[in-house]
Each structure stands twice: as C-alpha cells, then as structure tokens.
Amino acid sequence: MAEPTITTEQLSAFLRRAKALTLALEASHKAGNMYATEHTVALCPDAILVGSEGEISFRAIAFNDSVLSGSRLRYVSPEQAGRLGKLDLRSDLYSAGIILYEWLLGHPPFQSDDPLDLTHRHMAEEPCPPIGLASGVPRVLSDVVLKLLAKSPDARYATARGVHDDLNTCLDRLDETGRIEPFELGRTDRGSQFLIPERLYGREAELRSLADIYRRAVAGEIVLCMVGGYSGVGKSALVRAMRSEITASGGRLVEGKFDQYRRETPYSALIEAFRGLLRQVLSGRQAEVDLWRERVNAALGENASVVIEVLPELERLIGPQPPAPVLVGFAAQQRFNAVFAQLLRRFASAEHPLVMFLDDLQWADDASLALIQTFVLGGQGAHLLMVGAYRDNEVDAAHPMTQMLGTLRKNDALIIELLLGPLRQEHVVQLIRDTCYNIAEPDALAALVMKKAEGNPFYTRQFLKNMVAEGQLYFDRQADGWRWRAEEARLSDAAENVVDLMMRRLRGFPVATQAALKVGACIGKRFDLALLAAVCDGDESAALTWLAPALQEELLLPVGGGAGTREFQFVHDRVQQAAYSLEGRTDRDALHLKIGRQIWRDTPPVDLDRRVFDIVDQINHASALLDDNDERRAVAELNLRAGIRGKGSMAYQAAVRYLQAGIDLLGADAWTACYALSYSLHLHAAEAHSMLNQEEPFHRTVSVLLANVGSVDDRLAAGAHPPDHPPVPVESPDRRPDRRPAGALGGRHRHSAPR
C-alpha cells in the first residue's frame, strides 16, 4: 500500500486548524477550565465546535459509564489512563496531540477496540512518528506532534501558547519559503519543565574509544570490551549511546542483563540477548526472513535442536527440528559450544556486524561465563563486539569472571578494558545548566549534589528529581528561571545511599503501587503484566493503574515482550532492589512461592520444560513454606526436570543446585515413598558432580545410590566403571583438578524425568 502524500496546501490548512485548536485551549486554560478529569473525560473531536470563520470552541461532555470503553479512550493522556488523579493542563495538551495526529494522518496513533490494549498503549507504547507514515510531513512538524504525545508530562509542552507559537513559526516559514526547516521547539515555554537531557556528560573519551573498538569488530575482529565501574556510573548508557553508529553501519545491538535475584538460572542474559536478536530478524521483510532461515539451517544442520533446547524461540525462525544425534560428556560439551559459536558467527556477518551487550556480569552464572569464553575464542570469522559491563567493586581475583578473563588472556584473546569513574563537578554543573533554564547559583547546587552523589550519574539524576518532587528545586515564573532552597535541600539528611532514596520515593506511592512493585521485583528485573496481576489478585487493567505512578516517574520502563505480552522492567537494579526491600503484608518468601505456583498453574504441560527454570527459581526460594508432601514431591520432580535441562545445556553447576534442591525436598522416607524420583535425582546429581570433577560430593552421592538401589539394572547404572572421557573445561576452566573422580556414570546413562 502506497504511503499517503501531504501537499503544501494540505499542510497550510492543517496548521491553521491546529493553531485555532491551541488558541481555544489557551483561552480555556486561562479561564481556569481544564477538559481532562479524573474520570477519563478527555478532549476529543466530539467536543470540538467549529465556527463560520474556522474558530474553535469546546462543548462539555458529561461523564457516564460508556466513556471508559468507548472511542473517547483513544484520546486520554497516560496519567488519565493510569488514574493518577494528579492531572494538570498538560493532560489536555496530550489529547490535543492525539487530535492533531489524527487530523494530519487520518487516524489516531493508537487504534484498538480493546480498552485494556488502548490503556496500555497510552501508558507504555511510543506512537509511530508522522514523518514515517506520510510523505510531505516536515520533520519539525512531526516533532511538534510527538512532543505533545510524550509519556511524561514534563517532556511535553508546558502551555497551549507554547504549541501555538511553534505552529505559527511553521506556518510562517511555509508561507514564506514553501518549506519548514527545523528550529528549536518550545522556546515560549523555555525551561519551565524539568527534563534531564539524554546526552552523556563527561564520557567523550570513552565514547571515542568504544567507537574505535566497534570499527575493529566491523573489520572482522572479535573483540571483548569489558566496561567496569560502580553501580549507576553510566556503563549501560555508554554502550547504548553507540546505537546510532551501529545502526548506520548495518549492525545490530542486542542486550541481556543478569538478575541479582535470579543468579541460578543458566544463560539468562545470553538467552535474553538472542531473543532480542531473533525479534529483530523476524520483524524484517519476508524475503529477508527466508534468507536468514536458510543461513541458520545451513549453519546448524542436524544439530539445530541443541540450540532450540536452550533457545526455544529459534524454532519460530527455522521451524521444528529432529533430535540431534545423542552425545555425552566431553563430546556433548564440545558440540554445544561449537553449535552456539556457529550460530553467533552466522548472525555476526560482514553485512550485519553484531554488538552483544551483557550487563551485570558480576552476577553471571558459571555456564554463561563458559559460553562467553567460547564465543570469544571460537568465533573466528565473526564481525562481533561483545561488551560486558560489571561492577568492579564486586569482582575480586577469585571471582569466576576474573578467572574467565585470565583464561582468555592466556589464549591471546583481544580484550579491551574501559573503567568509568565518577563525573567531575564541571560535568554536573553542565547537566544542571542544561536541565534548569536560567538557574541561580548552579555551581553551588552542583557542589551540594556532588557532596551527596559523589559524581555518580544515576544518583545525581535521582537526587535532582527528588529535590523537584519535594519542592526544593522549582521554576520561578517571576524570575523566569529555576531556583533552589539551600536550607530546604537537606541533602545531608537524605538517604545515605541511593537504595534508601529510592525507597523514600517508592513509599510516597499508593499502597497498591508499592505492593505491585514488590511483586514485580520478586518476579525479576523484567516482569509480565498478566503474571503480576494474577499474583496481586487483580486484572491487567487494575495492574496498569497500580504501576502508573512508577511509569510516570520513569522508575519502570515498558519493554517489547512480543507475542502480545505486556512487559515492564525496572529502570535500574537499584530501583528493583528498593522495591524488593519494601515492607508489606506479605513477606518475600511467600511472594516467591505464590509467583512460582502461578507460573506453574499458567504453563501448559507442553511448555513445562521451557518454563521450568522460572518456576523452580521462585519456589525454591520458599521451599521451607511447602508443608504438603504431595506438593513437595511435585516440586522435587520440577527440580529434576530443571536439573536435566541444565545438564543438557552443559550448565552443570546449575544442574547440581536444582538436583540437590529436589533431594532436599524429599523426606527421610524418600527411597521407600518415591523410589523412582529419589533414584533419578541422585543419579543425575552424581553425573553432574562427575562432569564438574567434584570428587567428594560425587562419591557421597554414589554411595547413597548404591546403598538404596533396588534392582540389578539400577545397581548396574549406578555402579563403578572407568571414565570414558578426559577432564572437561566446563564452567571454571582454571579450577578443574587433574583427574575426574573414578567410578560411576562417566556420562553414559541418560534418564528421563518422571512424567
């Protein structure tokens, strides 16, 4: 379908009509009338009356029950959709932005007949820029409309007069030259709203270094760039600042982040990154998707199911695959590593260089570190830049990540390290000047903030936002500039760390919002709205309103979950940490148990293996609360499934933890009450200990097996025989002993989980 064209005459007519709308809004606001109400009555086309000369006025629309589900919901602001109850004139400006979008393009930005879907889109989804939907739309006019449609009221225009003046400038330029060249927006409202620029401060040298490193990756080198620094110092922001350069070169940036409360889950950040990559590939044109399907199938061949076992989403690209040939032990480990390296090489091509950003490596599981090591050492021919961010104050010489880097250096891998330090005071002064127009004594304020935030960019931003929220930093219209009150700033009395500060902000939210955020933090750094609603005993519409204050404060961010899901993530792990620590009627263990049970209940049997880590990671947190023997055995079976999956993906450390958790859940009569389950747990645990060269726990587990086995076949399976493969560099390459434990298993026996 051809994209519509907006002619110069149509643009002129649109601008005149839009000016009339903003003049009417300005008059209404000056008279003390605001159209938006807490009952989600919003400015909409039905309310607009047009006079004979093109002038616009408004008619009142009474609230009734049909408003929430009717077409008027298409025009509510995010704060109305979230029922925040703290509406101001900028809510009307958002609704005006929806109307202007519709007048310009013929349809509103969000089209749906489902009230929940519309509410979510207003609160969490960015509209498509008009410039991308019709030819002839000037970029600056597209930007005017998008500024009106900003999710945060502070990012919109402050007044209808501000919109009118920018529209007037557009019309004047169009009348004079036939073109509308870009200009600075919002000059009439200059500085009255608090909006910290997205730009990085004090990172020019690091950005240049990262750009140079990326160019080496584009040229065909595999580079591992390690970015260290304290929490909040700007590691993620530095990498994301490269996005435009990466995109311009045809490359892709994918991200994964390890979770401080989900460290047991193997490959979590790597899987998240690969899922993002697959979403990018599958969103392309069908011909490109078909080409990728051919390339990936050719690269993986008969071993494609090895990857699908760990990354089920790959099946959406290449379709169902037959089981791979059975391998065990060292051979299975070699194949697993080689197949994933082949997949990565295929995606990191000369035409499409790849940047894989893995955040919070200090929380990475051993299996993930081993796979990263494989990618760096075994990815010859790939145009790949791997970036790992970590908190250098939480990583010492004995940390597994440090040992992985040592192994890579011994193998002459190309590793470049960037260490981010705090901002200097002049950087904070510039940030304050850029944020607060005509501010009084910026150097003194910067010194005060530096004293508390110590140059940490995230902490600096949060302290300034907190000052605004508490009225200590404010815009003085008479002085036409920002002012602050030193005697009221009381930063010396503020939180001693950012978690305390975050908790103070979260405690200012409604009780229902605090409870929802605590549940979200227990689910993880990223959570699904439907799951949150179910755990909170509500529906998704209610859950959206609970989350609305945190979304407006930008402590939560919407993320694309795909497949119709609605997902959110905490803006920073310190926010998640604060939410996790909130007090409430339900303690954390009970919440973890409820979350695990809910995921389990919602998971069809066919998807149980795919979700098993999510389930047991939650329930194992609260295993002490399981007082029903049948449920304990059922959870033990889930841990067996998780252990087998961990073994199948070479995550032996994780497998040991899951299998031992299953053993611990069974009572003293395990061998008589549930013999098959107890036998399977011990057998797979012994195999995992064997692969990890853990001699003492290996022999201890085999001794328990041999003391309790009942049949000749079971005794033979658990009996001693010479190992059939040498020591395996699995998850701690530098810490393996010189020999594997003598005796049982040798990786030959394969046992299925009870069905």
Side-chain angles (χ1 to χ4, degrees), residues 154 191-207 227-238 241 362 389-394 418-476 479 481-508 553-555 570-579 581:
D154 283 340
S192 63
Q193 292 179 284
F194 183 82
L195 188 65
I196 300 176
E198 290 297 321
R199 59 167 287 199
L200 293 181
Y201 292 87
R203 302 295 186 220
E204 292 79 11
E206 291 85 352
L207 274 173
V227 182
Y230 279 65
S231 172
V233 80
K235 302 181 292 292
S236 302
L238 177 70
Q362 74 277 357
Y390 67 101
R391 298 181 185 176
D392 59 320
N393 58 311
E394 296 185 20
L418 297 177
L419 189 62
L420 298 189
L423 302 179
R424 297 194 300 271
Q425 184 162 327
E426 59 263 34
H427 302 140
V428 178
V429 171
Q430 190 59 52
L431 183 152
I432 290 172
R433 286 184 182 275
D434 290 346
T435 303
C436 303
Y437 171 73
N438 193 25
I439 186 167
E441 303 182 86
D443 297 274
L445 177 57
L448 190 62
V449 175
M450 280 289 293
K451 183 177 179 181
K452 196 61 189 175
E454 298 179 341
N456 185 292
F458 178 72
Y459 299 0
T460 295
R461 289 168 180 258
Q462 295 307 317
F463 277 121
L464 289 170
K465 287 181 179 180
N466 193 61
M467 289 181 69
V468 173
E470 295 186 6
Q472 300 157 2
L473 178 60
Y474 60 95
F475 185 75
D476 186 333
W482 283 80
R483 298 294 180 263
W484 55 283
R485 300 185 179 96
E487 69 279 4
E488 294 181 18
R490 295 194 302 274
L491 289 187
S492 60
D493 298 329
E496 286 305 315
N497 59 64
V498 79
V499 175
D500 292 341
L501 177 62
M502 290 295 99
M503 290 188 69
R504 288 174 58 196
R505 290 182 65 186
L506 297 184
R507 288 187 188 119
E553 292 284 327
E554 297 182 325
L555 298 177
F570 291 95
V571 69
H572 195 273
D573 55 77
R574 291 302 198 197
V575 181
Q576 182 192 4
Q577 186 178 345
S581 302

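Using a 4.5 Å heavy-atom threshold, the side chains of Glu426 and Asp443 count as separate. Counting only heavy atoms from C-beta outward, the side chains of Arg199 and Asp434 approach each other to under 4.5 Å. Here the side chains of Phe194 and Leu464 are in contact, with some heavy-atom distance below 4.5 Å. Leu445 has its side chain within reach of Leu473: a pair of non-hydrogen atoms, C-beta onward, lies under 4.5 Å apart. Within the 4.5 Å cutoff, the side chain of Gln472 has no heavy atoms near those of the Trp484 side chain. No side-chain heavy atom of Phe475 sits under 4.5 Å from any side-chain heavy atom of Gln193. In this structure the side chain of Arg203 reaches within 4.5 angstrom of the side chain of Leu423, judged on heavy atoms.
A salt bridge does not link Arg461 with Glu554: every distance from a Lys NZ or Arg NE/NH1/NH2 to an Asp or Glu carboxylate oxygen is 4.0 Å or more.
Across Ala479 and Arg483, no two heavy atoms sit closer than the pair CB-NH2, 3.4 Å. Between Val429 and Ala446, the shortest heavy-atom distance links the atoms CG2-CB, 3.4 Å. In terms of heavy atoms, Ala453 sits closest to Thr460 at CB-OG1, 3.6 Å. Here the shortest heavy-atom pairing between Pro457 and Gly232 reads CD-O, 3.3 Å. Shortest non-hydrogen contact noted between Thr435 and Leu431 is OG1-O, 2.8 Å. Between Gln425 and Met450, the shortest heavy-atom contact is N-CE, 4.0 Å.
Between the CG atom of Asn393 and the OG atom of Ser231 there is a distance of 8.5 Å, given to the nearest 0.5 Å. Of the inter-residue distances, the one linking Cys436 atom SG with Ile196 atom CD1 reads 8.0 Å to the nearest 0.5 angstrom. Lys452 contributes atom NZ, which lies 8.5 Å from atom CD of Glu454 (distance to the nearest 0.5 angstrom). Here Asn456 contributes atom CG and Leu420 contributes atom CG; the two are 10.5 Å apart, rounded to the nearest 0.5 Å. Atom CG of Asn438 is separated from atom CH2 of Trp482 by 12.0 Å, given to the nearest 0.5 angstrom. Separation of atoms CD1 (Ile432) and CD (Glu441) is listed at 11.5 Å; rounding is to 0.5 Å.
Here the side chain of Arg485 pairs a donor or acceptor atom with the backbone of Gly471 at under 3.5 angstrom. Counting only distance, with no hydrogens or angles, the side chain of Lys235 and the backbone of Gly229 share a donor-acceptor pair below 3.5 Å.
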Problem - Evaluation steps, side chain to side chain contact (heavy atoms under 4.5 Å, CB included), between Phe570 and Gln577 - result: CA-CA 10 Å; Phe570 291 95; Gln577 186 178 345; over 6 Å; no
Exercise for the section: Show your reasoning for whether side chain to side chain contact (heavy atoms under 4.5 Å, CB included) applies to Tyr230 and Asp392. Expected result: CA-CA 6 Å; Tyr230 279 65; Asp392 59 320; 4.0 Å; yes
Practice task
Evaluate side chain to side chain contact (heavy atoms under 4.5 Å, CB included) for Met502 paired with Asn466, printing each intermediate quantity in order.
Solution key: CA-CA 9 Å; Met502 290 295 99; Asn466 193 61; over 6 Å; no
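Ring pair His572/Phe458 is parallel by interplanar angle, where below 30° counts as parallel and above 60° as perpendicular.
Checked by atom type, the side-chain pair Gln462/Arg505 shows a donor-acceptor distance below 3.5 Å. No donor-acceptor contact under 3.5 angstrom links the side chains of Gln430 and Arg433, judged on distance only.
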